[in-house]
Structures are given as structure tokens and as C-alpha cells.
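These numbers come from a predicted model, not from an experiment.
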Amino acid sequence: MSFSSEVKEELAKNTGSARHCHIAELAALISFCGKVTADEENHYSLYVHTENTVVAKRCFSLIKDTFPVHPSLKISKNVSLKKNRIYQIIIDNHDDCVVILQAIKLLNSYENLEDQVNVINHIVLQNTCCKRAFIRGAFLSSGSVSDPDKNYHFEIVCQEFDKAKQLMGIMNSFELDAKLIRRKKYYVVYIKEGSRIVDVLNIMEAHVALMKFENVRILKDMRNRVNRRVNCEAANIHKTVVASVRQQEDIQFLIEQKVFTKLPQNLQEIAYLRLEYPEASLKMLGDMLNPPVGKSGVNHRLRKISNIAQDLRESL
């Protein structure tokens with residue numbers, strides 16, 4: 001089971017919300033995967049389509065538990081994807097449709113559809129808890145979140161720009177820093193930062209998924225820190241080895257040219273230590289001197305030897 005499926009299963013089990021939150025969540029489900037039709041006599045029918053069993057059950061339960069309505073469920077096979085099934089929740093009784101559509105403010109007091117049927121009335125979303133429920137319903141309808149082991153990506157796909165813009169505004173009222181992008185003929189509201197995805201899981205009340213996501217995120221951060229530290233230490237070791245080899249070559253060159261004994265005593269002392277302890281760090285070499293010399297002092301002496309060797313090479 002994918003991480004998205006786990007999150008949706010957890011969200012579908014949420015039963016603690018008040019009626020107005022159920023209405024807000026249902027408003028999102030209908031807005032994102034529903035359709036309202038009217039016949040010649042202006043009688044309404046409501047259809048909700050989904051390929052997700054969990055979403056179908058959630059929508060069916062919300063309608064049945066929130067309103068005195070008995071929807072019907074139709075299951076058919078997806079022609080293009082033979083293994084998938086399409087679940088269609090149908091309410092073809094006009095009066096039942098009016099009750100639901102008025103509750104989610106898609107119908108006005110004259111039982112006429114509002115002009116912007118894709119944008120949910122702010123009255124349905126005036127409470128913070130209702131905004132949480134709306135985001136939950138939108139995610140159940142057409143959202144996904146990637147496995148945190150792979151990368152961090154949360155998105156909800158919208159068919160209309162106005163709907164996407166409204167959703168982004170609702171999400172950003174919780175300071176989620178959601179972004180909007182067009183992908184082919186759809187509009188996608190997305191979050192890519194790990195900490196923000198943790199926040200949106202908390203907002204939707206997917207607490208089990210949140211803990212799993214956080215555990216993975218913490219482990220990944222720890223691995224990244226360890227890797228950075230190991231890489232840094234490896235780079236330092238490589239740098240030390242390269243410098244040591246170059247210093248030994250310079251010292252051997254001065255010995256071969258019979259000018260080593262003419263060096264000052266302090267330079268000869270550090271040169272002998274470098275040849276005897278080729279893998280030692282500058283600090284270790286400094287501690288071996290009597291009296292001890294600091295790291296910068298050792299570096300200064302070895303650099304002076306290298307400069308003398310370089311000048312001699314150029315003069316030959």
C-alpha cells in the first residue's frame with residue numbers, strides 16, 4: 001500500500017468532527033469529484049465519481065450520516081484500466097439534492113445553482129475546523145503525498161483555476177506556503193518542504209501518518225548530517241595526505257641537493273618529524289616538538305621549507 005493510501009485510509013476513519021465540519025468535508029468531495037445535473041424540469045441530480053474505495057465509502061457515509069438521504073452506489077469497471085473500478089454515488093431525488101446542495105451553499109434560497117459552482121461559499125468555511133475538514137476532503141478526492149523515504153511532495157489536483165486558487169488560499173491560512181502550478185490541463189496546489197507536509201498532515205488530523213513521516217524525516221536528516229560529516233572528514237584527510245606527500249617531496253629534494261643541513265634548526269626539526277610521521281596532522285607534529293608549537297606555527301615552518309625548495313627548483 002502506498003503512503004498516500006495509508007493517509008487516506010486514516011482520514012476516512014475520522015469520526016470526531018461536528019456536523020458543520022462534515023458538511024465542509026462533503027463540500028470538498030462534491031466540488032472535486034462531483035457533478036450536479038438538471039433535467040428539463042430543473043430537477044437536480046448529484047453524482048460523485050471516484051476510483052478509490054476508501055473515498056467512496058467516506059463520501060457515502062458522510063451523506064448518509066449528515067442528511068436524511070439514502071444515496072445509491074453504482075460500481076463499474078474502468079474501460080481504460082481493466083483492474084480499476086469506478087464508484088459512483090448517485091442522488092437522483094430532487095428534494096434530497098436540494099437539501100445537500102443548499103447545505104454546502106451551491107444552491108441559493110430560490111433553489112438555483114450559484115454562478116460559481118466550483119468555488120465553495122466562504123460561509124461553509126468560516127470556522128477553522130471547517131477549513132481543516134475541507135482540506136481533508138480535497139485531499140481524499142484528488143490528493144497525493146509521496147513516500148517520505150523517496151522525496152517530499154504533497155499535492156492536490158484541481159480541474160479549474162478558481163477552485164485551485166481558493167484551495168491554496170485556505171491552505172495558506174494555516175501558513176503552509178502552498179504553491180500553485182499548471183500541469184497540462186489541470187491546476188496543482190502543492191507543498192515540497194518536509195516540515196510543511198508534517199503541518200498539513202496534522203491539520204487534516206492524519207496523526208499516525210504524521211508520526212511515520214516525521215520518523216522517516218528525522219532518520220533522513222540524521223543520515224544526511226552523518227554523510228556530510230563523513231565527507232568533510234574524508235576531504236580533510238585527503239587534503240592532509242596530499243599536503244604531507246608534497247612536504248616530504250620538498251624535504252627529500254633539499255636533502256638530495258645537499259642544502260638541507262644549511263636550514264635553520266627549527267626547520268630541520270619539523271622536517272625530520274614530517275619524514276618520520278608522514279600521516280600525522282599539523283597539531284600532532286607541533287605537540288612532538290620541544291617546546292610544543294601550535295598548528296599555525298608548524299604550518300608556517302613547513303611552508304617555509306616548501307618555498308625554499310621551490311626557489312631552488314626554479315634556479316636550477
### Query
Step by step, would you call Glu9 with Ser5 a side-chain hydrogen bond (donor to acceptor under 3.5 Å, both in side chains)?
CA-CA 6 Å; Glu9 279 208 356; Ser5 298; over 6 Å; no

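Enclosure of atom CD in Glu279 is not indicated, since only 12 or fewer non-hydrogen atoms of other residues, nucleotides or ligands lie within 6.0 angstrom. Other residues, nucleotides and ligands contribute only 12 or fewer heavy atoms inside 6.0 Å of the NE2 atom of His300. Residue Glu175 places its CD atom among 12 or fewer non-hydrogen atoms of other residues, nucleotides or ligands, all under 6.0 Å distant. Summarising the local packing, CZ of Arg313 is surrounded by more than 12 heavy atoms from other residues, nucleotides or ligands at distances under 6.0 Å. Environment of NZ in Lys220: crowded, with over 12 heavy atoms of neighbouring residues, nucleotides or ligands closer than 6.0 Å.
Residues Phe174 and Ile191 share a hydrophobic cluster, clusters being chains of Ile/Leu/Val/Met/Phe/Trp/Tyr side chains in contact below 4.5 Å. Taking hydrophobic clusters as Ile, Leu, Val, Met, Phe, Trp and Tyr residues chained together by side-chain heavy-atom distances below 4.5 Å, Ile86 does not share a cluster with Ile90.
Taking the six-membered ring for Trp and thresholds of 30 and 60 degrees, Tyr44 and His94 have nearly parallel ring planes, at less than 30 degrees apart. Between Phe161 and Tyr187, the angle of the ring planes goes over 60°, which puts this pair in the perpendicular group of the 30/60° scheme.
Rounding to the nearest 0.5 Å gives a distance of 6.0 Å between CZ of Arg301 and CG of Leu289. A distance of 14.0 Å separates CG of Asn202 from CD1 of Ile197, quoted to the nearest 0.5 Å.
Of the residues listed (Asn52, Thr50, Leu29), the one engaging Cys59 in a side-chain contact (heavy atoms from CB on, under 4.5 Å) is Leu29, and it is the only one.
Looking only at atom types and distance, the side chain of Gln310 has no donor-acceptor partner in the side chain of Ser306 under 3.5 Å away.
Two rings, from Phe260 and Tyr272, have their centers less than 6.0 Å apart.
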